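All figures in this text were calculated on a predicted structure; none of them were measured in a lab.
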Amino acid sequence: MNYKIGEVSKMFNISKEMLRYYEKKGVLHPKRIDENNYRVYDEMDIFLLFEIVQYQAMNFHVADIAEMISNNYMENYAGYLEKYESSLRKEIAYKMILERHIHELTQRA
């Protein structure tokens, strides 16, 4: 089954512009209808878009997603997850320090 850009946009609750951006950055590759050059998304595009949205929710950059899915996907996958895990640990440590600082300031006030 093929889906038009508007259908995919509604399905994922993301803008058509974001879908075009994914295409421009090489993350998503919808087919084109010859007669009118409209984009059409097949089931594999939809499955890939599920992954893209998931990676975006984990704060992966679009360029990293494009690189990860284009070259040795499974090899890159583990490396990017490790990189993300490290980033999360740093963010958590920073926020714990920030929370302690705010608590101390609150106690002083």
Side-chain angles (χ1 to χ4, degrees):
M1 180 169 205
N2 289 324
Y3 303 90
K4 296 178 183 173
I5 193 169
E7 295 169 323
V8 175
S9 173
K10 288 178 186 174
M11 188 185 307
F12 285 90
N13 195 31
I14 57 178
S15 70
K16 294 175 189 177
E17 290 77 22
M18 183 58 79
L19 291 169
R20 291 182 192 106
Y21 178 73
Y22 290 149
E23 183 180 356
K24 179 181 176 185
K25 292 298 183 178
V27 180
L28 198 56
H29 306 282
K31 284 85 182 144
R32 297 288 186 141
I33 298 174
D34 290 334
E35 300 86 51
N36 54 21
N37 206 31
Y38 286 179
R39 293 167 179 84
V40 289
Y41 300 83
D42 62 18
E43 286 86 5
M44 292 308 293
D45 293 322
I46 299 301
F47 290 133
L48 180 56
L49 193 52
F50 273 119
E51 290 187 44
I52 293 167
V53 169
Q54 184 179 25
Y55 295 139
Q56 287 266 262
M58 293 191 297
N59 293 322
F60 278 53
H61 297 286
V62 174
D64 290 337
I65 297 169
E67 184 180 328
M68 183 173 64
I69 63 176
S70 66
N71 301 317
N72 300 320
Y73 181 64
M74 291 313 293
E75 291 175 24
N76 290 334
Y77 183 70
Y80 280 104
L81 287 178
E82 289 171 1
K83 180 179 166 184
Y84 178 65
E85 181 182 18
S86 174
S87 172
L88 278 179
R89 289 185 190 281
K90 289 176 186 174
E91 184 178 340
I92 289 168
Y94 169 75
K95 290 195 176 194
M96 288 176 69
I97 292 168
L98 182 61
E99 186 270 336
R100 283 192 300 262
H101 180 70
I102 291 171
H103 179 75
E104 288 176 19
L105 290 174
T106 303
Q107 295 302 312
R108 290 181 194 169

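- Across all their heavy atoms, F12 and V53 have their closest contact at CD2-CG2, 4.0 Å.
- Side-chain contact between I46 and M11 is present, with at least one heavy-atom pair separated by less than 4.5 Å.
- Within the 4.5 Å cutoff, no side-chain heavy atoms of E91 are placed close to those of Y94.
- Under the 4.5 Å side-chain heavy-atom criterion for Ile, Leu, Val, Met, Phe, Trp and Tyr, L48 and Y21 are members of the same hydrophobic cluster.
- Between atom NE2 of residue H61 and atom CD of residue E67 there is a gap of 12.5 Å, rounded to the nearest 0.5 Å.
- Here the shortest heavy-atom pairing between K16 and I5 reads O-CD1, 3.8 Å.
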Side chain to side chain contact (heavy atoms under 4.5 Å, CB included) assessment of M58 paired with L88: CA-CA 9 Å; M58 293 191 297; L88 278 179; over 6 Å; no
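- Annotation: the span from E51 atom CD to L28 atom CG amounts to 11.5 Å, rounded to 0.5 Å.
- Side chain of S86 to backbone of E82: no donor-acceptor contact under 3.5 angstrom is found.
- For the pair D45/K31, a side-chain contact is recorded, criterion being any heavy-atom separation below 4.5 Å from C-beta on.
- With respect to the salt-bridge test (charged N to carboxylate O, under 4.0 angstrom), the residues K95 and E99 do not qualify.
- Two residues are said to be in side-chain contact when any heavy atoms from C-beta on lie closer than 4.5 Å; D42 and F47 fail this criterion.
- Between T106 atom OG1 and R108 atom CZ the span is 10.5 Å, to the nearest 0.5 Å.
- A single hydrophobic cluster is not seen to contain both V40 and I14; linkage of ILVMFWY side chains at heavy-atom distances under 4.5 Å, directly or through other members, places them apart.
- Side-chain atoms of E23 never come within 3.5 Å of backbone atoms of V27 as a donor-acceptor pair (strictly under, hydrogens ignored).
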Worked check of side chain to side chain contact (heavy atoms under 4.5 Å, CB included) between D64 and K83: CA-CA 11 Å; D64 290 337; K83 180 179 166 184; 3.6 Å; yes
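- Sparse packing is recorded around CZ of R89, with 12 or fewer heavy atoms of other residues, nucleotides or ligands lying under 6.0 Å away.
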Worked check of side chain to side chain contact (heavy atoms under 4.5 Å, CB included) between K4 and R39: CA-CA 6 Å; K4 296 178 183 173; R39 293 167 179 84; over 6 Å; no
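- Atom CD of residue E85 and atom CD1 of residue I92 lie 9.5 Å apart, to the nearest 0.5 angstrom.
- No continuous path of hydrophobic side-chain contacts links M96 to I102 [ILVMFWY only; heavy atoms under 4.5 Å].
- Rounding to the nearest 0.5 angstrom, the gap separating the CG atom in N13 from the CE atom in M18 is 12.0 Å.
- Annotation: the span from L49 atom CG to Y3 atom OH amounts to 12.0 Å, rounded to 0.5 Å.
- Nearest heavy atoms, Q56 versus F60: NE2-O, 3.1 Å.
- The residues R100 and E104 are annotated as not salt-bridged, no charged nitrogen and carboxylate oxygen being separated by less than 4.0 angstrom.
- Shortest non-hydrogen contact noted between Y22 and V62 is CE2-CG2, 4.0 Å.
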